[in-house]
Amino acid sequence: QKSLALIVEKYGGTSVGSVERIRAVAENVLKSIKKGDQVVVVVSAMGGETNRLMALASEISEKPSPREMDTLVTTGEQVTIALLSITLMQMGQPACSFTGFQVPVNTDDV
């Protein structure tokens with residue numbers, strides 16, 4: 001009996017920068033799943049989205065609240081996780097998106 005590995009795959013903004021690239025990521029995820037591994041996928045916002053959101057905030061405030069900036073930039077990641085989950089489901093793979101808060105994933109300033 002093969003023991004399952006827990007694989008964490010991380011895809012940055014360029015890797016998920018378009019619908020076509022999200023499809024390619026989904027295909028990579030499916031390959032890992034077909035090997036029998038348990039897969040957790042962490043994605044960034046689509047390429048350029050975080051910078052766009054930060055620029056919007058800077059038009060409103062020179063020093064926006066760090067809490068609100070965290071809330072703002074995570075919206076870009078939420079778009080990507082939803083699109084990736086939709087893509088995986090379209091490919092026949094059950095999937096569910098979670099935010100870092102829902103899991104929870106804690107990060108630092110590094």
Side-chain angles (χ1 to χ4, degrees):
Q1 178 180 0
K2 179 182 173 186
S3 65
L4 298 177
L6 175 61
I7 305 296
V8 178
E9 297 181 3
K10 169 68 169 95
Y11 296 94
T14 302
S15 298
V16 294
S18 67
V19 169
E20 294 77 22
R21 289 181 180 206
I22 291 172
R23 284 188 184 118
V25 166
E27 289 172 6
N28 286 337
V29 171
L30 286 175
K31 287 177 189 174
S32 295
I33 292 169
K34 287 180 181 175
K35 290 179 189 176
D37 296 326
Q38 295 177 330
V39 182
V40 174
V41 182
V42 178
V43 293
S44 297
M46 297 172 80
E49 184 63 9
T50 300
N51 289 341
R52 184 185 77 82
L53 293 168
M54 292 175 71
L56 289 172
S58 70
E59 289 181 31
I60 295 169
S61 173
E62 290 181 17
K63 189 170 165 82
S65 156
R67 180 194 183 282
E68 297 311 322
M69 287 302 293
D70 285 347
T71 300
L72 177 64
V73 298
T74 61
T75 64
E77 295 158 356
Q78 290 174 32
V79 170
T80 309
I81 62 176
L83 290 174
L84 180 58
S85 291
I86 290 166
T87 303
L88 287 165
M89 288 186 277
Q90 183 65 30
M91 294 176 166
Q93 177 60 50
C96 184
S97 63
F98 292 97
T99 65
F101 178 75
Q102 291 170 314
V103 173
V105 172
N106 296 313
T107 61
D108 55 28
D109 291 335
V110 177

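Both backbone and side-chain heavy atoms feed into the values below; hydrogens, waters and symmetry mates do not. Quantities reported herein were computed from a predicted structural model and do not represent experimental measurements.
Under a cut-off of 6.0 angstrom, the local environment of CD in Q90 is sparse, with at most 12 non-hydrogen atoms contributed by other residues, nucleotides or ligands. The local environment of CE in M91 is crowded, with over 12 non-hydrogen atoms from other residues, nucleotides or ligands closer than 6.0 Å.
The OG atom of S44 lies 12.0 Å from the CD atom of E49; values are rounded to the nearest 0.5 Å. Separating the CG atom in N51 from the CG atom in L56 is a distance of 11.0 Å, to the nearest 0.5 Å. One finds the OG1 atom of T80 at 13.0 Å from the CZ atom of R21 (value rounded to the nearest 0.5 Å). One distance of note links CG of L88 with CG of L83; it measures 11.0 Å at 0.5 Å rounding. How far NZ of K34 is from CD of E27: 9.0 Å, rounded to the nearest 0.5 Å. Taking CD of E20 as the start and OG1 of T87 as the end, the distance is 10.5 Å to the nearest 0.5 Å.
Residues V40 and I7 fail the side-chain proximity criterion, which asks for heavy atoms closer than 4.5 Å.
The hydrophobic cluster containing M46 does not contain L53, counting ILVMFWY residues as joined when their side-chain heavy atoms lie under 4.5 angstrom apart, directly or transitively. With hydrophobic clusters built from ILVMFWY side chains whose heavy atoms lie under 4.5 angstrom apart, L6 shares a cluster with V42.
A side-chain contact (heavy atoms from CB on, under 4.5 Å) with S85 holds for exactly one of S97, C96, P94; it is S97.
A45 and T50 get closest at one heavy-atom pair: CB-OG1, 3.6 Å. Nearest heavy-atom pair, L72 versus A57, reported as atom, atom and distance to 0.1 Å: CD2-CB, 3.8 Å. Minimum interatomic distance between V16 and Y11 (heavy atoms only, all atoms of both residues): CG1-CB, 4.1 Å.
In the model, S32 has a side-chain atom that pairs as donor or acceptor with a side-chain atom of E9 under 3.5 Å. Under 3.5 Å, the side chains of S15 and K10 contain no donor-acceptor pair of N or O atoms.
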Inset, instruction - Could you give me the CA-CA distance, side-chain angles and deciding distance for T75 and V79, then say whether side-chain contact (heavy atoms from CB on, under 4.5 Å) is met? - result: CA-CA 6 Å; T75 64; V79 170; 5.8 Å; no

